[in-house]
Chemist: 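Before we start, here is the structure in question, set down as structure tokens.
Everything numeric here is computed off the predicted structure, so don't read it as measured data. Naming: A, B, ... by sequence-line order, numbering from 1 per chain.
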Amino acid sequence: MSCKPPEEGYTLIIAEKPKAAKSIAYAISVNPSQCKYHGVPYWMINSNGRRIIVAPVAGHLFGLNTDINDIPVFKYYWAPRWEVERKAYHTKKFYNLIKYLSRSPSLVVNACDYDVEGSVIGYLVITIIVGKKFYKRMKFSSLTPEELREAFNNLQPQDTNMVEAGLCRHELDWIYGINLSRLLTKSYRNATSERRILSVGRVQTPTLIEVINRYIEVETFSKSPVFGVYASISYKGKTFTASYIGNPIRKYIDAKKIKESIENASKASIIDTKRSYEEDPPPPPYNLNDLQEDAYRLYKFSPSYTQKLAEDLYLDGLISYPRTNSQKLPPGLNTRKILNGLSEAGYSGIVDIILKENPNLVYREGRKTDPAHPAIYPTGIKPRYLRPDHKKLYDLIARRFLAVFLPSSLYAKIYIKWLAGVPLESYLRTLVKEGWLIAYLADSVSEEEIIEPKISDKGEISKVVIKTLYTDKPTYHTKTSILRWMENNNIGTESTRAEIIEILYKRGYVKDHGGKAKPTSLGLAVAEISKTFFPELTSVELTRSFEEKIQKIRDGELTREVVVEQAKKIVKKLVEDGLAKQREIEILIKNLVLGSGRKCVICGASSINTDLCPLHTRALEELIKNLYEWCDSYGITREEALRKIAKSRSVGKAVREVAQGILDEKIII
DNA sequence: GCAAGGTC
Ligand SMILES: [Zn+2]
């Protein structure tokens, strides 16, 4: 078959990406012929005289652009990305392919992912490059042949409302993001005479503020600790860590008394015991977030690095589409074929067990879903050579896929209540059945014998300790916990979250301290300016309000024009007010970034008319609030408590500094 | 150049 598009009368199907185009071509024809145009594949089909061409794009070929450099700016248009974005030159060949195939189609179909963004991608390509106003929409939620055939045989009418909703979202983000970023950049330049690009946006700014809030919480944490008394008891060749049943204890002196009475008891005798069983079901199939979390936990890969590795594996055909929130495998997936493939790829031991013990290949799924893509799974194609990090990630994905076919693991839980001057209790968890854990264990662990404790038997007490407990002590964010926070608050998408986190680092708002995310003075300044001058951008509620409006547009209850006009009005006022108060913004930047004005006696940061910066002010407040508890729980004087706090690892750094500051009489209270 | 959203 010729690769030249026919003179007339053919169907042109636009897919969002090359992989999807191929799946669609093979679903609607047994022998589509693959062609190439400047390296980009497309497929020609002759079906009972009907000519069909399936052609891919690569996500968005168009982006919003403006020719105006000033603010406020509301004049924008959709421009080919290869023309206006340096990093998007590769989209030109996709653009040219569509142009080449656009001579005279009699029917055009938008077969991009069935979500709002796919509707926009297809709409822009069809209306701008193909030059058609009317087209059909293919509706599918997975790339299985059955579903694609069904979708092709039941083409949906043009998805006007979805397109309008999507265009609206783009415009809203552009109007807020570009205008306010420029306002900020301009103010920064005036204040510092440094050219530096700053940005704010609906997703990045609430995320920055979350990092800061967590930082402040950690730094100013000053709750007095509570105590736990624990005894190590040897019995039947095992060592039990028994916890005093009155734990946690508020006062140190009480903990000491308990410790002494346990030490005075010669032995611990068993006064009660129970055995129960606990099932641990296999984990669900991976979505991107869960994969990013595991890769960070096990290998310290950042979310964006994990995403990059997963995309490489996907493009190599080794795993399914990775940018998904779904924890469900696609219906009708040929799981047997994939398992056989994995068997060839070095997982035969586990696969054999699955085939033997779960012949119907029943598998576990998770709760989370995705409108356009199923969970991540290996395709079963045997990897040739993988670089070490790719191999690690592939291995995680392969083992997770295997785990979902395996049974729950089972633990025996032995409860023992002891008497050693005071009552104590211990739990011993013994693995009874490995279940899905075999997918992760190098060697099978010997199933341990379950002990059977007897009432009034005695154990030897080898050690008694008092532990300081800080149960609700907050921790700094990491890139991974930021990502989880974004997901929980429903901002950003699978494709963008990791990248947006990187932007906070790239702009210099957040700095990495051995994995911990801490704001810089610039980040604190941007947050402060945003809160003062454009507060709507600082909360996840802006996303909620966008979502509501966009849903209404989808439902035909609201138009894009109305929503965009409202946004322009709001942003116009924000920009005008901001320009009028530019001196104030510049002073904030000078104080917070350059450290002009009055300084904190502890850290030298800007302190805005007091002796302490906002962080140390807050730390002092927290310290004063909790100081009595410290005195009371240790039975010490205020002075002694301050000395203790100044050295304590259980409080935040800012609190230690403030405690020392009081002792040194730098701070008078 | 700045957003957030696709995908390469
Ligand atoms: Zn300070």
Side-chain angles (χ1 to χ4, degrees), chain A residues 14-21 39-41 56-73 76 78 81-82 84-95 97 112-113 115-125 165-189 195-208 307-308 310-312 314-316 321-324 372-373 486 491-504 506-507 526 534 537 542-543 546-547 550 567 571 575:
Chain A
I14 311 283
E16 188 160 320
K17 42 192 173 277
K19 284 233 152 79
V40 183
V57 292
H60 279 290
L61 297 188
F62 295 86
L64 284 174
N65 193 40
T66 183
D67 299 322
I68 296 159
N69 288 316
D70 211 358
I71 45 169
V73 51
Y76 47 78
W78 289 98
R81 292 186 53 225
W82 63 267
V84 294
E85 262 177 74
R86 200 167 310 167
K87 283 171 283 176
Y89 196 73
H90 65 275
T91 59
K92 187 178 183 181
K93 51 186 187 286
F94 290 92
Y95 182 99
L97 169 69
C112 294
D113 296 348
D115 50 27
V116 168
E117 218 54 47
S119 290
V120 174
I121 292 167
Y123 164 83
L124 292 169
V125 165
L167 292 172
C168 186
R169 204 276 309 146
H170 278 272
E171 292 181 45
L172 292 181
D173 277 328
W174 193 94
I175 290 166
Y176 275 88
I178 300 297
N179 278 288
L180 299 178
S181 295
R182 284 182 179 182
L183 175 62
L184 189 64
T185 302
K186 194 172 160 167
S187 309
Y188 184 85
R189 195 177 167 190
R195 279 188 102 118
R196 181 180 192 136
I197 288 154
L198 299 183
S199 62
V200 284
R202 172 178 59 83
V203 178
Q204 63 174 260
T205 305
T207 306
L208 170 64
Q307 185 165 336
K308 173 76 177 63
E311 279 159 3
D312 290 344
Y314 164 67
L315 292 174
D316 273 354
Y321 181 90
R323 296 174 215 102
T324 175
H373 304 281
M486 293 171 84
I491 59 170
T493 69
E494 306 309 317
S495 309
T496 60
R497 285 180 198 128
E499 243 354 271
I500 288 174
I501 293 168
E502 294 304 323
I503 287 174
L504 297 179
K506 190 175 111 191
R507 297 255 179 273
V526 169
F534 18 96
L537 215 50
L542 185 62
T543 297
F546 278 20
E547 283 166 351
I550 275 151
V571 173
V575 171

Chemist: Mind checking what makes side-chain hydrogen bond (donor to acceptor under 3.5 Å, both in side chains) contact with Arg81(A), not counting sequence neighbours?
Modeler: Glu85(A)
Chemist: CG of Leu124(A) versus P of dG5(B): gap in Å, rounded?
Modeler: 16 Å
Chemist: Nearest whole angstrom, please: distance from the C1' of dG5(B) to the NZ of Lys87(A).
Modeler: 14 Å
Chemist: State whether Ser495(A) places a side-chain N or O below 4.0 Å from either non-bridging phosphate oxygen (OP1 or OP2) of dG6(B).
Modeler: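 So the side chain of Ser495(A) is within the cut-off, an N or O lying under 4.0 Å from OP1 or OP2 of dG6(B).
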Chemist: Nearest to the side chain of Arg323(A), which nucleotide is it out of dA3(B), dT7(B), dG6(B)?
Modeler: dT7(B)
Chemist: Could you give me the CA-CA distance, side-chain angles and deciding distance for Asp113(A) and Lys17(A), then say whether salt bridge (Lys or Arg N to Asp or Glu O under 4.0 Å) is met?
Modeler: CA-CA 9 Å; Asp113(A) 296 348; Lys17(A) 42 192 173 277; 2.9 Å; yes
Chemist: Report the nucleotide, chosen from dA4(B), dG1(B), dA3(B), that has the shortest atom-to-atom distance to any side-chain atom of Leu64(A).
Modeler: dA3(B)
Chemist: Rounded to whole Å, please give me the gap between CD1 in Ile501(A) and P in dA4(B).
Modeler: 12 Å
Chemist: Starting from P on dC2(B), measure out to CG on Leu537(A) and report it in whole angstrom.
Modeler: 17 Å
Chemist: NA contact type, Gly59(A), heavy-atom cut-off 4.0 Å: base, sugar-phosphate, or nothing?
Modeler: base
Chemist: Check every strand shown and say whether Gln204(A) touches a base, only sugar-phosphate, or nothing at a heavy-atom separation below 4.0 Å.
Modeler: sugar-phosphate
Chemist: Heavy atoms under 4.0 Å, any strand shown: does Val200(A) hit a base, just sugar-phosphate, or nothing?
Modeler: sugar-phosphate
Chemist: Heavy atoms only: give me the nearest Pro322(A)-Ala310(A) pair and the separation to one decimal.
Modeler: CB-CB, 3.8 Å
Chemist: Quick check for you: among dC2(B), dA3(B), dG5(B), whose closest atom lies nearest to any side-chain atom of Lys506(A)?
Modeler: dC2(B)
Chemist: NA contact type, Ile178(A), heavy-atom cut-off 4.0 Å: base, sugar-phosphate, or nothing?
Modeler: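 The answer is base, as Ile178(A) lies within the cut-off (heavy atoms under 4.0 Å) of a base atom.
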Chemist: So, does Thr493(A) get its side chain near the phosphate of dA4(B), meaning an N or O under 4.0 Å from OP1 or OP2?
Modeler: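 So the side-chain polar atoms of Thr493(A) never come under 4.0 Å of the phosphate oxygens OP1 or OP2 of dA4(B).
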Chemist: Looking at every non-hydrogen atom in both residues, tell me the closest pair between Ile121(A) and Cys112(A) and how far apart they are.
Modeler: CG2-SG, 3.9 Å
Chemist: By nearest atom, which of the nucleotides dG1(B), dA3(B), dA4(B) is closest to the Arg182(A) side chain?
Modeler: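 Shortest atom-to-atom distance from the side chain points to dG1(B).
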Chemist: Categorize Tyr89(A) for me: base, sugar-phosphate, or nothing, with a 4.0 angstrom heavy-atom threshold over every strand shown.
Modeler: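 Result for Tyr89(A) = nothing.
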Chemist: Checking all strands, does Asp113(A) fall into the base, sugar-phosphate, or nothing category for heavy-atom contacts under 4.0 angstrom?
Modeler: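 Since only primed, P, OP1 and OP2 atoms lie under 4.0 Å of Asp113(A), the category is sugar-phosphate.
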Chemist: Measure from the side-chain heavy atoms of His60(A) and tell me the nearest of dC2(B), dG6(B), dA4(B).
Modeler: dG6(B)
Chemist: Across the strands shown, which category fits Gly63(A) at heavy-atom distances under 4.0 angstrom: base, sugar-phosphate, nothing?
Modeler: nothing
Chemist: Reckon Tyr321(A) touches a base, only the sugar-phosphate, or nothing at all at heavy-atom distances under 4.0 Å?
Modeler: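 Here Tyr321(A) touches the backbone only, sparing every base.
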Chemist: Expressed as a whole number of angstroms, how long is the span from Asn69(A):CG to dG1(B):C1'?
Modeler: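 Distance, rounded to whole Å: 9 Å.
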Chemist: Taking the nucleotide of DNA chain B with the nearest heavy atom to each, does Val84(A) or Gly201(A) sit closer to the 5' end?
Modeler: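 Its nucleotide being nearer the 5' end, the pick is Val84(A).
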Chemist: Quick one: label Glu16(A) by what it contacts on the DNA or RNA (base, sugar-phosphate, nothing), any heavy atom closer than 4.0 Å.
Modeler: sugar-phosphate
Chemist: Work out which heavy atom in Ala567(A) is nearest to a heavy atom in Ile175(A); give both atom names and the distance.
Modeler: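 Distance-wise, the nearest heavy atoms are O-CG2, 4.3 Å.
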Chemist: Under 4.0 Å between any heavy atoms, over every strand shown, what does Arg497(A) touch: base, sugar-phosphate, or nothing? Just pick one.
Modeler: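 No contact.
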Chemist: Does dG1(B) have OP1 or OP2 sitting under 4.0 Å from an N or O in the side chain of Arg86(A)?
Modeler: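 Result: yes.
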Chemist: For the residue pair Lys19(A) and Tyr314(A), what are the closest heavy atoms and their distance?
Modeler: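 Lys19(A) and Tyr314(A) have their closest heavy atoms at NZ-O, 2.6 Å.
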Chemist: Heavy-atom nearest nucleotide on DNA chain B for Thr496(A) versus Phe94(A): which residue maps closer to 5'?
Modeler: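 Looking at the nearest nucleotide for each, Thr496(A) comes out on the 5' side.
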Chemist: Measure from CH2 on Trp174(A) to C1' on dC2(B) and round the result to the nearest Å.
Modeler: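 These atoms are roughly 9 Å apart.
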Chemist: Tell me the interatomic distance from Arg81(A), atom CZ, to dG1(B), atom P, rounded to whole angstroms.
Modeler: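 Rounding to the nearest Å, CZ of Arg81(A) and P of dG1(B) are 13 Å apart.
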Chemist: Whole angstrom is fine here: how far is it from CD1 in Ile121(A) over to P in dA4(B)?
Modeler: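 That distance rounds to 17 Å.
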Chemist: Of the listed nucleotides (dT7(B), dA3(B), dG6(B)), which one gets closest to any side-chain atom of Asp173(A)?
Modeler: dA3(B)
Chemist: On the 0 to 90° scale, with breaks at 30° and 60°, tag the His60(A)-His170(A) ring pair as parallel, tilted or perpendicular.
Modeler: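 His60(A) vs His170(A) ring planes: perpendicular.
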